[in-house]
Visitor: 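Below are the structure tokens for one structure; questions will follow.
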Amino acid sequence: MKKRRLFARLGVAGVLLGAVLAPTPAQSISASLSAEHSPVWQTNASVQGLAVAAGKAYAGGRFTSVRPPGSPLGANEVGQAYLAAFDATTGDLVTAFNPVLNGQVYAVAASADGSRIYVGGDFTQVNGVTRNRIAAFDTATGALVTNWKPSVSYRVKTISVSGNTVYFGGSFGLVNNVERLRLAAVSADLGTLLPWAPAVNGDVYAVDVADDASKVYAGGQFSTVNGTTQNTVSSLDPATGAVLPFPAASAVPPPNGQCTTRVKAIDASGDKVYFGNGGDGGGCFDGTWAAEVATGALIWKNQCLGATEAVKVVNGWLYKGSHAHDCANQGAGGFPQGFGYRFLLTESLSDGKLGPWFPNTNAGPPTEVGPLAFATGGSDLWAGGDFTTSNGVAQQGLTRFTNAGPGSAPAKPAKLTPYSVKPGQVEIHFPTVVDNDDSTLTYRLLKGFGNVTIATWTATSTPWDKPWLHYTDTAVTPGEVTNYRVEVTDGTTTLRGNYSDPITVASTASTAYDQLLAADGPQAYWRLGEPSGTTTSVDSSGQSNNGTFTGITLGTAGAISGNTAATTNSSGRMVGEKAFSMPHQFSVEAWVKQSFTRGGRIVGFGNSKTGNSADGGDRMLYMRSNGAITFGVNDGSRRTLTSSSNKNNSQWHHVVGTYDNGDMRLYVDGVLAGSQSVGPAALYYGWWRVGYDNTGNWSGGGATQTGMAIDEAAVYPYALGAAQVQAHFDAR
């Protein structure tokens, strides 16, 4: 269903644009965990395995020392190599647990009752006695379990405990000198080798057992199990090791020479099981998927790009550790390529869509990937990996998140810039803000130093998509002087923006073109009236999105009296310095003048800040060589609206394109020239650009750009209405 712009009358006080009244404030944490990390000791190198048991979190990896939170590398370090325990409440090191291992740990798992932990890795000794790559510890005493000592021939990468059985996988071929090809099982009490012996032809990275113990799931770098084709994932009988039907495995694409993807993480929870993949090759499957335990049917598949290394269900959400960099890929429902990396995300258990939880780590040194292991005690998430920061603060190897406390606070709202260009009317436009664990917030518009609430909204925003809110205050008197500010709350924490500068309510209608445009809330407004020789175009919207001129001649007579225009050479352009992701409601506007048989791109969006955009970008206005104006949006196909021809008649023409969730409209000289309904616009990260881009792949594109004069270019974070467009045209 198309989203409509909603106008709601608030008594006689004003008009509310693009919002819904909010009788109930949002909760302080919409996800099940706060995005604020809790204090916990850190490590001097990677954490690769985690488990929570008996009030302690056990971390294994390749670290050799640990240190308190806030201490830089090399300060206050305590020597503790490869395996350490931390108090699950305080995050402090448990000094009584100090095992000595001679090699790194990859896997840590706990028994259901929390009385033991099992660790696997490359080590061959623990506390001076032989323990070939797998060992058990008593959580009450911290002691190595003396009578539990299976001997594994090579690396143990993953462990899962179910009842009295410990399943494990890795790179080994023998257990107790008996053939076990990369998967094996021993008893949890005595370590007795069990007959369970699936034969796997490649390394196993992850193993987990269904909560009802009906199936064992294995993932890794393999293509057969028991001689049966199994593409990197298998569902196995927990007693016999036989391969079981698993139709959901079709979610994983087979290797094709350009792409090899592998299951790297598994978490069975309730009647579902969740998987994370990491791929080699551009665009290779890196995402997550979910299946029914009972039937093996696929429930959903999320195709975020950026290898997934860890997944864990905590209180109704799937938490994901990855280096995700494109969660708009194939409908994944998140941020586009170019926005940056998100190393911590959460997803809905029902459909895999991204949830309202936005903390972040970094990836550590350049060759590393960020989070590698998750564990939970039921109401927390411990994350270990290669990272050296958590939420921008130095924190190496280990961090944790809980549901205690109020959660993250919303960001402070921006200072408002109200405009009054009509008698008895004030226009207010402002962007929403982000709360890292509550994407739906309550906003209130406050008037005067008495902070009287005159409008209330609920609005949803994310770090990559921050819609704007709009309000027209009609409960004012011509000549009145007042001010405004915005208040935002997540239900627990409330923040107020700074007061606006005082605004005098208009007594007569303004005829100043720039004031009329500014009052309609542009996201960027380049008047292009800078003197010749200037390299920077000033953004007059108040949003500080100045641009850089290239191949532009300034000082040309403009469309608007008192302001000059810019004229392009064959590739002349101006690009705003701020990047944006996936605008789905927008308007592009400019005045343009071109001579006979020439045309060119006027204003639009593109994925390059300096060069030509792929396919010339989209969300754009351009002129064909016959003088027709075209508005183009890419929804998977290049959708266009085109006016009548002969606008390249050396006269100024006012052109506007609007898009509102599939509703395209083109206006030329104040008149609607065409409209149509199309699909969702392409999702990518880019820049608003004035002037040239390569339009050769677009219908009627590729016209000679030289000599095109452009003036008063503006973009808006919503679709202008016909009356607004007409008012802008009439104001010339």
Visitor: Testing the basics here: between A409 and T493, what is the closest heavy-atom pair and its distance to 0.1 Å?
Guide: CB-CG2, 3.7 Å
Visitor: Distance only, no hydrogens: is a donor on one side chain within 3.5 Å (strictly under) of an acceptor on the other, for K578 and N546?
Guide: no
Visitor: If you round to the nearest 0.5 Å, how far is SG of C304 from NE2 of H325?
Guide: 9.5 Å
Visitor: Please determine whether the number of non-hydrogen atoms from other residues, nucleotides or ligands lying under 6.0 Å from atom NZ of K422 exceeds 12.
Guide: no
Visitor: Of all the heavy-atom pairs spanning W357 and S34, show the shortest one and how long it is.
Guide: NE1-O, 3.1 Å
Visitor: Checking S408 against E36: is there a side-chain donor and acceptor pair closer than 3.5 Å?
Guide: yes
Visitor: Does any donor atom in the side chain of Y525 or E712 lie under 3.5 Å from an acceptor atom in the other side chain?
Guide: yes
Visitor: Could you tell me the separation between the NZ atom of K312 and the CH2 atom of W382, rounded to the nearest 0.5 Å?
Guide: 14.5 Å
Visitor: Can Q585 and N661 be counted as having a side-chain donor-acceptor contact under 3.5 angstrom?
Guide: yes
Visitor: Taking the six-membered ring of Y319, is NZ or CZ of R400 closer than 6.0 Å to its centre and within 45° of its axis?
Guide: no
Visitor: Between the main-chain N or O of G497 and the side-chain N or O of E487, is there a donor-acceptor pair closer than 3.5 Å?
Guide: no
Visitor: For D380, does its backbone N or O pair with a side-chain atom of T376 as donor and acceptor, under 3.5 Å?
Guide: yes
Visitor: Take T43 and Q396 through the side-chain hydrogen bond (donor to acceptor under 3.5 Å, both in side chains) test and state the conclusion after the steps.
Guide: CA-CA 6 Å; T43 61; Q396 187 174 4; 5.8 Å; no
Visitor: Applying ring-ring contact (aromatic ring centres under 6.0 Å, His included), run through F358 and W464 and close with a yes or a no.
Guide: CA-CA 11 Å; F358 311 116; W464 52 90; 5.4 Å; yes
Visitor: Quick one: does N391's side chain have a donor or acceptor within less than 3.5 Å of a partner on N360's backbone?
Guide: yes
Visitor: How close do I428 and P418 get, counting heavy atoms only, and between which atoms?
Guide: CG1-CB, 3.9 Å
Visitor: Drop me the distance from Y716's OH to Q724's CD, to the nearest 0.5 angstrom.
Guide: 8.0 Å
Visitor: Looking at CG of L441 and OG1 of T458, how far apart are the two atoms once the value is rounded to the nearest 0.5 Å?
Guide: 9.5 Å
Visitor: When rounded to the nearest 0.5 angstrom, what is the spacing between OG in S30 and CG in N436?
Guide: 12.0 Å
Visitor: Walk me through whether F605 and W688 qualify under ring-ring contact (aromatic ring centres under 6.0 Å, His included).
Guide: CA-CA 5 Å; F605 197 65; W688 289 110; 4.9 Å; yes
Visitor: Do N76 and S71 have side-chain N/O donor and acceptor atoms under 3.5 Å apart?
Guide: yes
Visitor: Is D501 salt-bridged to K415, going by a charged N under 4.0 Å from an acidic O?
Guide: yes
Visitor: Has S613 got a side-chain atom pairing as donor or acceptor with N607's backbone, closer than 3.5 angstrom?
Guide: yes
Visitor: Taking the side chain as everything from C-beta on, heavy atoms only, tell me whether L349 gets closer than 4.5 Å to V313.
Guide: yes
Visitor: Under the rule for salt bridge (Lys or Arg N to Asp or Glu O under 4.0 Å), what residues qualify as partners of E589, not counting sequence neighbours?
Guide: none
Visitor: Does atom OH of Y341 have more than 12 heavy-atom neighbours from other groups under 6.0 Å away?
Guide: no
Visitor: Let's go through C327 and L354 carefully: what are the C-alpha distance in whole Å and the side-chain angles of both, what is the deciding distance for side chain to side chain contact (heavy atoms under 4.5 Å, CB included) to 0.1 Å, and is it a yes or a no?
Guide: CA-CA 9 Å; C327 282; L354 296 191; 4.0 Å; yes
Visitor: Can you classify the ring geometry of Y659 versus H584 as parallel (below 30°), tilted (30 to 60°) or perpendicular (above 60°)?
Guide: tilted
Visitor: D520 and H470: side-chain donor and acceptor closer than 3.5 Å?
Guide: no
Visitor: Would a 4.5 Å heavy-atom cut-off, applied to side chains only, mark T361 and P371 as touching?
Guide: yes
Visitor: Does a donor on one side chain sit under 3.5 Å from an acceptor on the other, for T308 and N277?
Guide: no
Visitor: Could you tell me if the side chain of W526 sits less than 4.5 Å from the side chain of M574, heavy atoms only?
Guide: yes
Visitor: So, does T534 use its side chain to make a donor-acceptor pair with the main chain of T536 at under 3.5 Å?
Guide: no
Visitor: So, T489 side chain and T442 main chain: donor-acceptor pair closer than 3.5 Å or not?
Guide: no
Visitor: If you define the side chain from C-beta out and look only at heavy atoms, does anything of L446 sit under 4.5 Å from Y484?
Guide: no
Visitor: Using only heavy-atom distances, determine whether the side chains of T388 and N362 contain a donor-acceptor pair under 3.5 Å.
Guide: yes
Visitor: Can you tell me if N403 uses its side chain to pair, donor with acceptor, with the backbone of L33 under 3.5 Å?
Guide: no
Visitor: Take L50 and L398 through the side chain to side chain contact (heavy atoms under 4.5 Å, CB included) test and state the conclusion after the steps.
Guide: CA-CA 10 Å; L50 285 168; L398 188 65; 3.7 Å; yes
Visitor: Does any N or O in the side chain of S587 come within less than 3.5 Å of the main-chain N or O of Y718, such that one atom is a donor and the other an acceptor?
Guide: yes
Visitor: Can you find a side-chain donor-acceptor pair between Q330 and Q303 that sits under 3.5 Å?
Guide: yes
Visitor: Quick one: are M664 and T658 in side-chain contact, heavy atoms under 4.5 Å?
Guide: no
Visitor: State, to 0.1 Å, how close S608 and G611 come at their nearest heavy-atom pair, and which atoms those are.
Guide: OG-N, 2.8 Å
Visitor: Looking only at the side chains, is there a donor atom on one of S541 and D539 sitting less than 3.5 Å from an acceptor on the other?
Guide: yes
Visitor: Could you go step by step and tell me if S269 and Y274 meet the side chain to side chain contact (heavy atoms under 4.5 Å, CB included) rule?
Guide: CA-CA 8 Å; S269 178; Y274 304 88; 4.3 Å; yes
Visitor: Run the side-chain hydrogen bond (donor to acceptor under 3.5 Å, both in side chains) check on N302 and K320 step by step: do they pass?
Guide: CA-CA 11 Å; N302 182 300; K320 160 178 164 157; 4.8 Å; no
Visitor: Looking at V633, is its backbone amide N or carbonyl O close enough to the side chain of D618 to form a donor-acceptor pair, meaning the two atoms are under 3.5 Å apart?
Guide: no
Visitor: Are W317 and P356 close enough that some pair of their side-chain heavy atoms sits under 4.5 Å apart?
Guide: yes
Visitor: Please confirm whether the backbone N or O of A682 pairs with a side-chain atom of R619, one donor and one acceptor, at under 3.5 Å?
Guide: yes
Visitor: Do you know which two heavy atoms are closest between E530 and V538, and how far apart they sit?
Guide: OE2-N, 2.9 Å
Visitor: Measuring from atom CZ of R444 to atom CZ of R496, what distance do you get when rounded to the nearest 0.5 angstrom?
Guide: 9.0 Å
Visitor: Are F549 and R573 side-chain neighbours, meaning at least one heavy-atom pair lies under 4.5 Å?
Guide: no
Visitor: Check the side chains of S439 and T462 for a donor-acceptor pair under 3.5 angstrom, ignoring hydrogens and angles.
Guide: no
Visitor: Which atom pair, heavy atoms only, marks the closest approach of G338 to Y685?
Guide: O-CD2, 2.9 Å
Visitor: Does the side chain of Q395 pick up a donor-acceptor pair with the side chain of H37 at under 3.5 Å?
Guide: no
Visitor: Could you check whether any side-chain heavy atom of V433 comes within less than 4.5 Å of a side-chain heavy atom of Y443, counting everything from C-beta outward?
Guide: yes
Visitor: Just by distance, with hydrogens left out, do T288 and E347 show a side-chain donor and acceptor under 3.5 Å apart?
Guide: yes
Visitor: Show your reasoning for whether side-chain hydrogen bond (donor to acceptor under 3.5 Å, both in side chains) applies to T399 and S390.
Guide: CA-CA 7 Å; T399 189; S390 178; 3.1 Å; yes
